[in-house]
**Student:** 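Take a look at this one; I'll ask things after.
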Amino acid sequence: MSTFGSESLEDPGGSLRPIERAFFDRPTLIVARELLGHVLVHRTPEGLTAGRVVEAEAYLGPNDPASHAYRRTARSRVMWGRPGTAYVYFTYGNHFCINVVTETEGVAGAVLIRALEPVAGLDLMRSRRGVGDPRELCSGPGKLTVAMGITGAHNGWDLTREPLYLAWGALREGETVGISPRIGIRRAADWPWRFFVEGSPFVSRSPRKSRAPRASWRP
DNA sequence: ATCTAGATCGGCT
DNA sequence: GCCGATCTAGATG
């Protein structure tokens, strides 16, 4: 599937062209890692917002105890659905988080988008978030849904088309991918399924201390 | 019917 | 770093 890699390089963030569904119809860990550098876009009546993915986590199916798809329930059902679908859920009584569904339809998997580097509509993001610092706009899964105007109403949305979609982007020259355990979970807490742009000031926080080694991966 | 943990954030120390 | 807010999904009785 290296065609995806080369295609992503021909459009480093300019035209916001939607990513094809086939990109998401692959193993979740691959999609999570390769999602870095691509761009989440939302066009609303208030204006356009967009951000580069700088942090993402893989959540698998019935063999991943930390995943909502560990059990098949009404909420997690969409994780078995069509790749490229949005899985938006509400947590901690306060926050929405957005995932993109992966794997072939019928196989559970999703990638949680944990942080974005804002690239368009920063003033709209500021007014939605009530803060000014670009690093504070989308540096966390609950923050970025507010900044991007995403709510539970977007659960089940097809992220391969307007007005809410993922667009081709790319890692910049010299950027490398860091790997660590996922954040904020109890079960499978050591599995290194979080991917992030090393050194980016736009990632959320560090994972809690863990036996699993941090690692780095060079594309 | 009731309980509990949670893919979080912001404020405070 | 610690803690409270706020509430839902899912589990258990």
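Since we're looking at a predicted model, the values are computed, not measured. Below, read A as the first sequence line, B as the second, and so on, with proteins coming before strands; counting in each chain starts at 1.
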**Student:** Compare all side-chain heavy atoms of A:T151 with those of A:V88 and state whether any distance is below 4.5 angstrom.
**Tutor:** no
**Student:** Tabulated below should be each protein N or O lying under 3.5 Å from an N or O of nucleotides 9-13 of chain B; please produce it.
**Tutor:**
from	atom 1	to	atom 2	distance (Å)
B:dC9	OP1	A:P141	N	3.1
B:dC9	OP1	A:G142	N	2.9
B:dC9	OP1	A:K143	N	3.3
B:dC9	O4'	A:H95	NE2	3.1
B:dG10	OP1	A:R129	NH1	2.7
B:dG10	OP1	A:R129	NH2	3.3

**Student:** Regarding A:Y59, tell me which of base, sugar-phosphate or nothing describes its non-hydrogen contacts under 4.0 Å with the strands shown.
**Tutor:** base
**Student:** Looking at A:N94 and C:dT6, is any side-chain donor or acceptor paired with a base atom of the opposite kind under 3.5 Å?
**Tutor:** yes
**Student:** Measure OH/A:Y89 against C1'/B:dG6 and give the value in whole Å, please.
**Tutor:** 9 Å
**Student:** Counting Watson-Crick and G-U wobble pairs only, both distances under 3.5 Å, name the nucleotide matched with B:dA7, or none.
**Tutor:** none
**Student:** Using whole Å, what does the distance between atom P of nucleotide C:dG10 and atom CZ of A:R72 come to?
**Tutor:** 13 Å
**Student:** A:Y89 pairs by ring pair (Phe, Tyr, Trp, His ring centres under 6.0 Å) with which of A:H154, A:H68, A:H95?
**Tutor:** A:H68
**Student:** Does any non-hydrogen side-chain atom of A:R172 lie less than 4.5 Å from one of A:R52?
**Tutor:** yes
**Student:** List, with names and distances, any nitrogen or oxygen atoms from the protein found under 3.5 Å away from nitrogen or oxygen atoms belonging to nucleotides 1-5 of chain B.
**Tutor:**
none

**Student:** Decide if the gap between the ring center of A:H38 and the ring center of A:F23 is smaller than 6.0 angstrom.
**Tutor:** yes
**Student:** Ring stacking, A:Y92 with base of B:dG6, under 5.5 Å and under 30°?
**Tutor:** yes
**Student:** Go ahead and name the base partner of C:dT6; Watson-Crick or wobble counts if both distances stay under 3.5 Å, otherwise write none.
**Tutor:** none
**Student:** Any non-hydrogen side-chain atom of A:R82 less than 4.5 Å from a side-chain atom of A:V101?
**Tutor:** no
**Student:** Which atoms of nucleotides 11-13 of chain C (N or O only) lie under 3.5 Å from a protein N or O atom, and what are those distances?
**Tutor:**
from	atom 1	to	atom 2	distance (Å)
C:dA11	OP1	A:R71	NE	3.1

**Student:** Which nucleotide in the list C:dT6, C:dG10, B:dT8 gets nearest to the side chain of A:A74?
**Tutor:** C:dG10
**Student:** Whole Å only: how far is the CG atom of A:N155 from the C1' atom of B:dA7?
**Tutor:** 14 Å
**Student:** Going by heavy atoms in the side chains, are A:F202 and A:P134 under 4.5 Å from each other?
**Tutor:** yes
**Student:** Got more than 12 heavy atoms from elsewhere within 6.0 Å of CZ, A:R161?
**Tutor:** yes
**Student:** If you count heavy atoms of other groups shown closer than 6.0 angstrom to CZ of A:R77, is the number above 12?
**Tutor:** no
**Student:** Rounded to whole angstroms, how far apart are CG on A:L60 and C1' on B:dA7?
**Tutor:** 13 Å
